[in-house]
Structures are given as C-alpha cells and as structure tokens.
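What's counted below: heavy atoms across the whole structure, side chains too, no hydrogens, waters or symmetry copies. Protein chains get the first letters and strands the later ones, always in sequence-line order, with residue 1 at the start of each. Here the structure is a predicted model, which means the values were calculated and not measured.
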Amino acid sequence: MADAAATVSGDPRGRPTVLDSLGEDITRIVYPVSACMLLVVLLVSLLSSPSAPSPLAVSIAAATGGGGGSGGGDDIPTALVTALTFVVAVTAATFLLALLFYLRCTPCLRAYLGFSALSVLLVLGGQVALLLLSRLRLPLDAVSFALLLPNAAGALALAALAPASVPIALHQAALVAIAVLTAFWFTLLPEWTTWALLVAMAIYDLAAVLLPGGPLRVLLQLAIERNEEIPALVYEARPVDPRHGRNWRLWREGRQPGADLDVSSTTVEVIGEVFGRNLDSNSGNSSSPQVHGVATSAGDANNSRPRATLAAALSSADSTIAQAEEVPVLREHRVAVAEMSVPLIQPRPERSGEEEEDEDGIGLSSSGAIKLGLGDFIFYSVLVGRAAMYDYMTVYACYLAIIAGLGITLLLLAFFRTALPALPVSITLGVVFYVLTRTLLEEFVVQCSTNLLMF
Amino acid sequence: MTVAAGLGYALIALGPAFSLFAGVVARKPFLVLTLLSSTLFWLMSLIVLSGIWRGFLPIKSGTWWAYAILIITSVALQEGTRLVFWRLYKKMEEMLDAFADRISKPRLSLTDKMLISFAGGLGHGVAHAVFFCLSLLTPAFGRATFYVERCSKMPFFLASALIALGFLVIHTFSMIIAFNAYDEKKKCDQIVVPVVHLAAAVMMLVNLAPGGCLIGTPLLLVMAVLTLQYCWRVACRRLTEHQHRQLNN
C-alpha cells in the first residue's frame, strides 16, 4: 500500500511522464489573459454603474437583426458608423506603419511606441486611480499622488518597452497593466458601439492578416524579409521558472543552456508533429524528417528569431469622428489602442545549435514561445468587461468562450505554423455565448436555482 | 450580508475545489487545460438544455412533475455529455501515447489517467458550482440576505452553496468512477454513476416542499460522501491491482 500511496501522491521517484510538462506554454498564455480579464472585471464592477438589465425584448431584437434603437441615444446606426470609422482609421494607421517600416524609420516608430505607452499609463492610469480613490475612499493627498503617478507610469512604461533591462515578470506585468487600462476605457463606450466595435475589429483582423493585400500581412512579410522585429507591444509568454531561481534574463540571450532549465518541447510543436505524423502516415510518407525539416529550415532561415510582431500606429490624432460629443475620451485612447492593436499570434520556435539528447528524445532543444499581441488582450477584456456590466453569469460564459477560442486558435497555429489572427474565433465565440447566455441560460438557471433544484 | 458573508458562501461552494485545484491540478498544466475544456463542455450541455426547455419556462409552481421531467432530461443529457467526453479523452490518450513513444518517454501511467479523469470531473463540478451558485451570489455581497418561501429556515445563498458543494463532490468523483468503469468495461460501475447522479438530482425535488430544504441538503451531502467513499474504494482497488501486476511482471 505504501507503494500505491507513493504512486498516488506523484512520487518523483516514478519516471516523469509526458503529462508533467505538456501544455505548459498554453497555460503560460492562458494565465495572463485570465489575469487581465479578471482585473478588468474587477475594475468594471467597482467603478461602473451597471447598464440596466435589459428585458428580454432587447435581446430578441438583437437576435432578429435589431429594430429601432434602444434607449439612451445608443442605437445601431451610430454604433456601426463609429465602428467603421475606427476600423478605417486603424487600417490607415497600419498602412502608414508599414510605410514607415519600409523606409526604415525605426526611431520614430520607437518614439511613438514610447509616447503611447507612457500616455496610456499616465493619463488613463491616473484617471482610473482617481476614480478608485474616490470610490474606495482611500486617503491620499494630492502631493503624494502627483509624486507617485508619474514615477509609477514612467517605471511601468520603461518596463514595457525595454524588456532586456528589467525582470521578465515586471515586463509582463507592465504589459498587462497597459492592456487593463485600455480595455477599461473601451468598456465605457455605449453598449451597441462596443459590440459593433468588437465584431468590426474581429473582421478587420481576419482580413488584415489573411488577405494578400492586408496591412498586417504586408508588415509581416517585410519583417520576415528583413529579419527585423517591428517595434510593438507584444506579450511574449516566456517561460518563467521560479523553482529554479535562475536569472530570468537568461532567456533573452537567445540560447538557453539546456541543462539548466526544464526545457521540453512546446505543446504547439507537439500538436504540430502529432498532426503531421498522422497526416503523413496516412499519406504514406515518412513523417519525422519532413516535419523536422520544415521546422528547422524555418528556424535557420530566420536566424532562429522568426519573430514578427505587428502594431497599427495612428500617425496623427486628427481622427474624424463625427460623434465627438458622444465619447470625448475616444480620441485620446484611439491613439493608444490603434498603436497597441497587434491582433496576431505567432509561434517562435527557437532552436539552438546543440542537440541535447537527454532533454527530450526529439534531439533539438527548443523553446517555442507563443506571442500574443496586446490588442488581443485588450479586446478579449473589453468583451468580458462589457459582459460584466450585465451580470456575472455572462462573464463566466464569455470567459470560457474566449479561452476556448484561444485554444482553437493555438491548435490552428500548430497546424498551419504561420501567423494567424487571434481575434476572430474568440470574439465570435464570445459574442455567441453572450447572446445565448442572456437569452436562454439565465432564465433557466434562475428558475432552477430559486427552487433549489440543481443537477 | 456584506462582503464577508458573500465570500463565506463562495468559499463554502468552491473552497474544496480551490484547494483541489491548487494542490493537484495546477501542478500539471495539461490538467488545467483538461479542467477548462470539461467546464466548457458542461456549459455547452447546459446551454443546449436551456434551449430545449426555454419554451416551457416559467413553470407554474404547483406542478412538481414538470420539474421531475426537467431533471430527468437534464441528467440524461449530462450523462450523454460524459460519454462524449470519454470518447474525446480516448482519442487524446492515443495521441499522447503516440507522442510519448516518439520522444521515447514512458506512456501515460494509471495515475496519469486517473488524474485526467479527476481534472475532468473537477471541471464539471466547478462549472456546476459557478453557474448555479456563484453567478447568483452577487446580492449576497450587499447588505441583506434572501430567503426563498419554501425554505424559510436557511438563507437561500447558504442552501445553494451547500447544494453546490455536494454536487461538486459528486461530479468530481463520479467522473473518476465512470472513466475507470469505461476503461475496465465494468457494467455495474457504469450503471452506478448515472444512477447516483439521477438519485441526487431527484432528491432535490424534496426542496419543493415547504421546509424541504432542511431534509434535501443534508441528504445530498450524504450522497456526496457515499460517492467519495465508493470512488476511494474503486481507486484503491485499481491501483493495488496495477501494483501487483507490475510486481509480477
């Protein structure tokens, strides 16, 4: 029985199986996305007054394509026009960014990146902090606030922009902070506008990355040709291994001594290889050399850094919004958000030269790191934050839908091994689940629960 | 009744789940993914169920048989979902074993399979607790509390938290029993799981009677303990058999 108990308790004397480390890179993306969504939901619950729980008539109107406007000056034509304007502005900005990148104007891109990060943290962060202080009645005098805010904003902006000089955890926390603040401000838009914006951005993302003339695709190809990285705010799920207590900056060097850290092949590569093997074994070819060949050649061709990160920058703030009176803050954070919208997800398989036979039997030590653009964080959180304004049941349903969409996108990524848009699947699933929950699920669950009938 | 009470109710429903998560599931990332996907499955089955029943709601309070039909259809659908989950798990197991062979690591051990089924069951239980209890708990953070007419001795939130706890335990551990039974092809265990689920759900009909929740809730917790004990027996038996087989080889 002692042996059985030891086996049950996962005694490390037993050989570590595949289950120990599989899926780690996916969870390393899921945790920060979940944290960002949680923070936005908390902020929304604390700071916003909830929208009126609309009666079912509104949802039915939504399901049948929308009739006349619902109350509050928030009607569908306005929403559609606003969303369309935003998408047009983002497209123009992305093309401008591509042009600047083509002309090798990197300093001005970097300067703009820094300016937008700092402005988000300073202006939006300051206003959120003021709202929190007044809502929670925390005592803080103006002088301390004036000292703390610029310092915190500057430190976080530096951490977000220069990842090589700060610990990785701080860099990632700064990126999540920027995403949370931007997403919170988006949730202040009127309801129909938010939904129209989300759907429009999902469609734009799909078109921009996959269509041959799309701005993001052009940018990506430029970056791959030149083997440079585009300056952008992108969250990279670097493995952070607190158990080993190593210098986390080791990962930035580009080669990791395989014996130090618990390197195992990433889930993305696993799925890719398993699928590749199944497909190839069905078609009768030999699988492993082929898959390895593709991956290694891709790795070599890009000098083991095939990172392509994208951003859409808005060059000038002369956004022609007709409904300026509607949302006065739209102007200032459009700048920031368009800059941040990097709706892209791409693996970065990094193969070092040495072959570590003892690490894993594949023969190449690799650390694929999944990169997810900050724009994805923002729009996921906007969807969940808007769901939080209705009820918490929609929050849970939309959270599961978004994580499922992210999982599906990662599976597709493993399958196709090219840059993919991360927004469309998740936003679609999120919107579908939101509508289904609001119309179908809530009634049912409330009926059953108030009668204490559960199953 | 203030944040403390709200948090208390949330912890009654989800505290054991949280410690199970932190202690077992969070250590292996694959189990976290299994938990999330089984939560999603449960949610989808619940949405399908509510879609089917939407036309018939709200049910008039006198007709308890309508509730009985609702419960029976719900349990049937959820057991069907469990079967679908099992099939998907088998496919996943094949892929994982194939991958393990390729990188010459050992295949999934029995403990691993049990851990996966545990994570799947925990996902179902967490989904149940979240959607039936946690999402309705928001008023509990306010200043007053809420009593249902038929259950005037217990606050509604306390009753729903205890029931959610009971069902969490039942879902979690019956998934282990079920996967074991499908694996070993034991008919009696395969029957036990839906029967236990159905019995527990039907027991909740007692809550419809005035004052019934004082009987129904403890009975449900007793069922949960019985499920736990049965699962313990099944798991111990399987593991000791496995040990003996390995020692004999």
Asks: Report which part of B:I47 has an atom under 4.5 Å of a heavy atom belonging to chain A: side chain, backbone, both, or neither.
Replies: both
Asks: Are there residues of residues 157-167 of chain B that reach to under 4.5 Å of chain A by heavy atoms, and which ones?
Replies: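 B:A159, B:S160, B:I163, B:F167 fall under the 4.5 Å cut-off.
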Asks: Would you say B:R27 has more than 12 foreign heavy atoms packed within less than 6.0 Å of its CZ?
Replies: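 No - once you tally the heavy atoms of other residues, nucleotides and ligands closer than 6.0 Å, there are 12 at most.
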Asks: Specify which of A:T27, A:T437, A:L452 makes the most heavy-atom pairs with chain B at under 4.5 Å.
Replies: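 Option with the greatest count: A:L452.
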Asks: Atom CD1 in A:I403, atom OG in B:S37: separation rounded to 0.5 Å?
Replies: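 Answer rounded to 0.5 Å: 12.0 Å.
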Asks: Is there a side-chain contact between A:L400 and B:W42 in this structure, where contact means two heavy atoms from C-beta onward sitting under 4.5 Å apart?
Replies: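 SC-SC contact between A:L400 and B:W42 ruled out.
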Asks: Between A:V445 and B:L46, does the side chain to side chain contact (heavy atoms under 4.5 Å, CB included) criterion hold? Intermediate values first, please.
Replies: CA-CA 9 Å; A:V445 170; B:L46 196 65; 4.1 Å; yes
Asks: So for A:L436, is it side chain, backbone, both, or neither that comes closer than 4.5 Å to the heavy atoms of chain B?
Replies: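 Side chain only.
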Asks: First locate atom SG of A:C448, then atom CD1 of B:I71, and finally report the distance between them rounded to the nearest 0.5 Å.
Replies: 7.5 Å
Asks: Which heavy atom of B:H197 sits nearest a heavy atom of A:F455, and at what distance?
Replies: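 That closest heavy-atom pairing would be NE2-O, 2.9 Å.
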Asks: Nearest 0.5 Å, please: how far is CZ in B:R54 from CD in A:E443?
Replies: 4.5 Å
Asks: For B:L205, is it the side chain, the backbone, both or neither that has a heavy atom under 4.5 Å from a heavy atom of chain A?
Replies: both
Asks: Looking at A:S45, A:G407, A:A397, which one has more heavy-atom pairs under 4.5 Å with chain B than the rest?
Replies: A:A397
Asks: In terms of heavy-atom proximity below 4.5 Å to chain A, should B:L110 be classed as side chain, backbone, both, or neither?
Replies: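 Contact with chain A: none, neither part.
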Asks: Would you compute the distance between atom CZ of B:F156 and atom OG1 of A:T450 and round it to the nearest 0.5 angstrom?
Replies: 6.5 Å
Asks: Is it the backbone or the side chain of A:V30 that comes under 4.5 Å from a heavy atom of chain B, or both, or neither?
Replies: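 Contact with chain B involves the side chain of A:V30 alone.
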Asks: Taking atom OH of A:Y31 as the centre, does the number of heavy atoms from other residues, nucleotides or ligands within less than 6.0 Å exceed 12?
Replies: yes
Asks: Just verifying a value: how many Å separate B:L36 CG and A:S34 OG, rounded to the nearest 0.5 Å?
Replies: 7.0 Å
Asks: Once you round to the nearest 0.5 Å, how far does CH2 of B:W53 lie from CD of A:Q447?
Replies: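 B:W53 atom CH2 to A:Q447 atom CD measures 10.5 Å (nearest 0.5 Å).
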Asks: Considering only heavy atoms, which portion of B:C133 lies under 4.5 Å from any heavy atom of chain A: side chain, backbone, both, or neither?
Replies: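 Neither the backbone nor the side chain of B:C133 comes within 4.5 Å of chain A.
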Asks: Side chain from CB out, backbone as N, CA, C, O: work out which of these in B:M203 comes under 4.5 Å of a heavy atom of chain A, or both, or neither.
Replies: neither
